[in-house]
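Chain naming here is simple, since letters A, B, ... match the order of the sequence lines and numbering starts at 1 in each. Just so it is clear, the structure is predicted and the values come from calculations on it, not from any experiment.
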Protein chains: 2
Amino acid sequence: MQQELKSEITKQLIIDKAFNLFYQNGFKTTSIDKIMKETTLSKGAFYHHYKSKKELGLEVISLKVEKRVVKGMIAPLKEPGNAYQIIKDVFTNRLKEFSTNEKQQGCPMNNLINEIGNNERAYQNALKNIIELWKTALVQILERGKQEHSIKEGVSSQAVATYLISAFEGIRGIRKLYTNDTVLDEYISGLTFYLNQIKK
Amino acid sequence: MQQELKSEITKQLIIDKAFNLFYQNGFKTTSIDKIMKETTLSKGAFYHHYKSKKELGLEVISLKVEKRVVKGMIAPLKEPGNAYQIIKDVFTNRLKEFSTNEKQQGCPMNNLINEIGNNERAYQNALKNIIELWKTALVQILERGKQEHSIKEGVSSQAVATYLISAFEGIRGIRKLYTNDTVLDEYISGLTFYLNQIKK
DNA sequence: CCAAAAACATACCTATTAGTATGTTTGTTT
DNA sequence: AAACAAACATACTAATAGGTATGTTTTTGG
């Protein structure tokens with residue numbers, strides 16, 4: 001039983017270090033050697049726990065990346081309160097909370113979507129799963145808002161959810177090109193204006 | 001003079017093949033060998049014309065990628081006609097025009113932004129330049145729309161431009177994860193709804 | 001406590017990478 | 001036509017990639 005725990009701890013360590021390196025330097029340019037150097041373990045240890053880099057990548061997505069999105073963008077949507085206000089707060093506050101590094105490096109999920117989202121079906125599905133979770137949560141709160149009369153009814157919740165997510169991921173990429181927050185402020189103004197339209 | 005022309009033709013050939021490979025397989029995973037195999041020229045030829053892969057990358061961005069965005073998204077904004085209608089048409093029609101491959105591979109610019117937009121300052125600037133061109137053109141037509149009373153005045157043109165671009169680039173990435181156009185249709189609905197807000 | 005298995009380490013392999021050194025061929029200039 | 005430079009080719013290098021083979025150490029179950 002002690003061994004099983006040790007195995008779990010090691011795998012978690014590998015996943016953590018891999019996520020960080022993928023985020024800072026990209027997926028393709030991060031080698032197993034670099035990851036294992038970070039863990040201070042050996043390559044043998046890696047291939048004992050994972051059969052390939054692909055398998056690790058999938059675990060990083062379904063564990064680390066997904067958890068990050070859930071924590072930052074999905075879970076807050078499920079809190080009680082005025083639906084309209086929650087949506088507005090989540091999308092604007094999250095942006096403002098980001099560290100300098102997070103602004104420069106962009107969104108881990110969006111980076112992966114655009115770096116490896118076209119070659120491997122397995123990566124696609126793992127990433128799509130996160131997007132679907134996010135969209136579902138947004139649709140849910142939009143529907144709640146409609147029922148509680150804080151959000152207009154003549155709008156497709158799916159459409160709004162997709163548009164909100166698209167713009168958020170888009171700006172996280174674009175912000176990487178700049179060295180100041182002007183573009184983020186513009187995004188927030190544009191978003192606020194959009195949300196005004198769905199407000200009842 | 002004949003030599004100068006030959007040089008230009010060769011460079012253009014290399015850039016074309018490089019752009020295609022970058023688009024289909026990514027920047028980092030495309031080697032000089034692969035590019036030159038496509039041109040049926042040699043590695044020696046490549047390093048005669050370019051001093052590094054980075055130099056080629058910058059030319060691909062500032063020539064091919066920029067031209068593509070200008071042709072598809074910027075130039076149409078400068079045509080005469082109702083400003084509101086032009087914006088709506090450009091953003092919706094362009095999406096519907098994309099081939100299956102273009103839907104699966106996403107936006108060449110956005111792919112590069114998210115794959116190499118964080119390491120090299122030179123890449124950042126080249127890509128930022130395209131975004132700025134796009135934003136400027138959008139602001140211009142939005143301002144024109146305001147003057148001609150087809151677009152509301154109480155909106156920051158910069159904010160709307162940024163939000164429109166963000167959402168467009170975002171959806172091009174997200175669409176890569178899917179095998180059908182549902183998400184694009186939702187985006188268009190969401191966009192239409194947004195544009196309704198700025199319509200006068 | 002001892003055999004088996006899990007956890008990890010070391011050394012290696014083949015392929016590929018960006019880039020260089022040194023050619024040969026083709027075009028230009030005088 | 002000869003001298004020269006530009007255009008391109010061939011053969012290489014050192015580094016790095018993912019992955020494997022073969023160990024040693026640690027834990028576990030009987």
Side-chain angles (χ1 to χ4, degrees), chain A residues 1-61 112 115-116 119-123 126, chain B residues 1-61 112 115-116 119-123 126:
Chain A
M1 259 307 151
Q2 185 185 332
Q3 214 164 28
E4 208 170 300
L5 185 75
K6 196 179 181 185
S7 175
E8 264 315 302
I9 289 172
T10 300
K11 287 190 79 176
Q12 197 54 54
L13 177 67
I14 294 172
I15 289 176
D16 283 352
K17 299 297 184 185
F19 171 83
N20 286 335
L21 287 170
F22 291 164
Y23 186 37
Q24 297 302 321
N25 309 318
F27 181 80
K28 290 168 183 169
T29 36
T30 298
S31 66
I32 306 299
D33 283 309
K34 285 175 192 160
I35 295 168
M36 294 317 284
K37 196 168 184 179
E38 282 290 306
T39 64
T40 65
L41 288 172
S42 70
K43 204 166 191 170
F46 176 83
Y47 282 99
H48 175 71
H49 292 285
Y50 294 98
K51 73 172 213 283
S52 65
K53 187 182 178 183
K54 182 174 160 184
E55 192 179 273
L56 171 66
L58 290 173
E59 284 214 1
V60 168
I61 294 171
L112 288 170
E115 188 185 351
I116 61 175
N119 7 348
E120 280 288 345
R121 183 60 59 92
Y123 292 139
Chain B
M1 259 307 152
Q2 186 184 334
Q3 216 164 27
E4 208 171 300
L5 186 75
K6 197 178 181 187
S7 175
E8 264 317 302
I9 290 172
T10 300
K11 286 190 79 176
Q12 197 54 56
L13 178 66
I14 294 173
I15 289 177
D16 283 351
K17 299 298 186 186
F19 171 82
N20 286 335
L21 287 170
F22 291 165
Y23 187 35
Q24 297 302 321
N25 309 318
F27 180 81
K28 290 169 185 171
T29 37
T30 299
S31 66
I32 307 298
D33 284 309
K34 285 177 191 160
I35 294 168
M36 296 316 284
K37 196 168 184 178
E38 283 289 306
T39 65
T40 65
L41 288 172
S42 70
K43 203 165 192 171
F46 176 83
Y47 281 99
H48 174 71
H49 293 286
Y50 294 98
K51 74 172 215 282
S52 64
K53 185 182 178 182
K54 182 175 160 183
E55 192 180 274
L56 171 66
L58 289 173
E59 284 216 359
V60 168
I61 293 171
L112 288 170
E115 189 185 350
I116 60 174
N119 3 347
E120 279 289 345
R121 182 60 59 91
Y123 293 138

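Rounded to whole angstrom, the span from the OH atom of Tyr50(A) across to the P atom of dG19(D) amounts to 14 Å. Here the C1' atom of nucleotide dA7(C) and the CE atom of Met36(A) are 11 Å apart, to the nearest Å. Atom NZ in Lys28(B) sits about 15 Å away from atom C1' in dA18(C), given to the nearest Å. Regarding Leu13(A), its CG atom lies at a distance of 15 Å from the P atom of dA7(C), rounded to whole Å. Put simply, CZ on Phe27(B) is 13 Å from C1' on dT17(C), counting in whole angstrom units. Protein atom CD1 of Ile32(A) is 20 Å distant from nucleotide atom P of dT14(C), rounded to whole Å. Summarising the geometry, the separation between NZ on Lys37(B) and P on dA9(D) is reported as 15 Å, rounded to the nearest angstrom. Spacing between atom NZ of Lys11(A) and atom C1' of dC8(C) amounts to 15 Å, rounded to whole angstrom units.
With dA18(C), dA6(D), dA9(C) as the candidates, the nucleotide lying closest to the side chain of His48(B) is dA6(D). You'll find that the side chain of Lys43(A) is closest to dG19(D), out of dA6(C), dG19(D), dA6(D). Taking only side-chain atoms of Leu41(B), from C-beta outward, the nucleotide of dA18(C), dA9(D), dA7(C) with the closest atom is dA9(D). With dG19(D), dA7(D), dC8(D) as the candidates, the nucleotide lying closest to the side chain of Ser7(B) is dA7(D). The side chain of Tyr47(A) approaches dG19(D) more closely than any other nucleotide in the set dA18(C), dA7(D), dG19(D).
The closest side-chain heavy-atom distance from Asn25(A) to Asn119(B) is not below 4.5 Å. For the pair Gln12(A) and Ile15(A), the minimum side-chain heavy-atom distance is below 4.5 Å. Taking 4.5 Å as the limit, some side-chain heavy atom of Lys17(B) sits within range of a side-chain heavy atom of Leu13(B).
Contact of Lys6(B) with dA6(D) (side chain to base): no donor-acceptor pair of N or O atoms is detected under 3.5 Å.
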- request: Might you work through the side-chain contact (heavy atoms from CB on, under 4.5 Å) test for Leu112(B) and Tyr123(B), ending with a clear yes or no?
  value: CA-CA 9 Å; Leu112(B) 288 170; Tyr123(B) 293 138; over 6 Å; no

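No contact: Lys51(B) has no heavy atom under 4.0 Å from any strand. Nucleic acid contact for Thr39(A): none, since no nucleic acid atom lies under 4.0 Å from a heavy atom of the residue. At the heavy-atom level, Lys34(B) lies under 4.0 Å from the strands shown only through sugar-phosphate atoms.
Between Ser31(B) and dT17(C), a side-chain N or O to OP1/OP2 separation shorter than 4.0 Å is present. Residue His49(B) places at least one side-chain N or O closer than 4.0 Å to OP1 or OP2 of dC8(D).
Checking each of Ile35(A), Val60(A), Ile32(A) against Ile14(A) for a side chain to side chain contact (heavy atoms under 4.5 Å, CB included) leaves exactly one that passes, namely Ile35(A).
With DNA chain D read from its 5' end, the first of the two nearest nucleotides for Asp33(A) and Gly44(A) is the one closest to Asp33(A).
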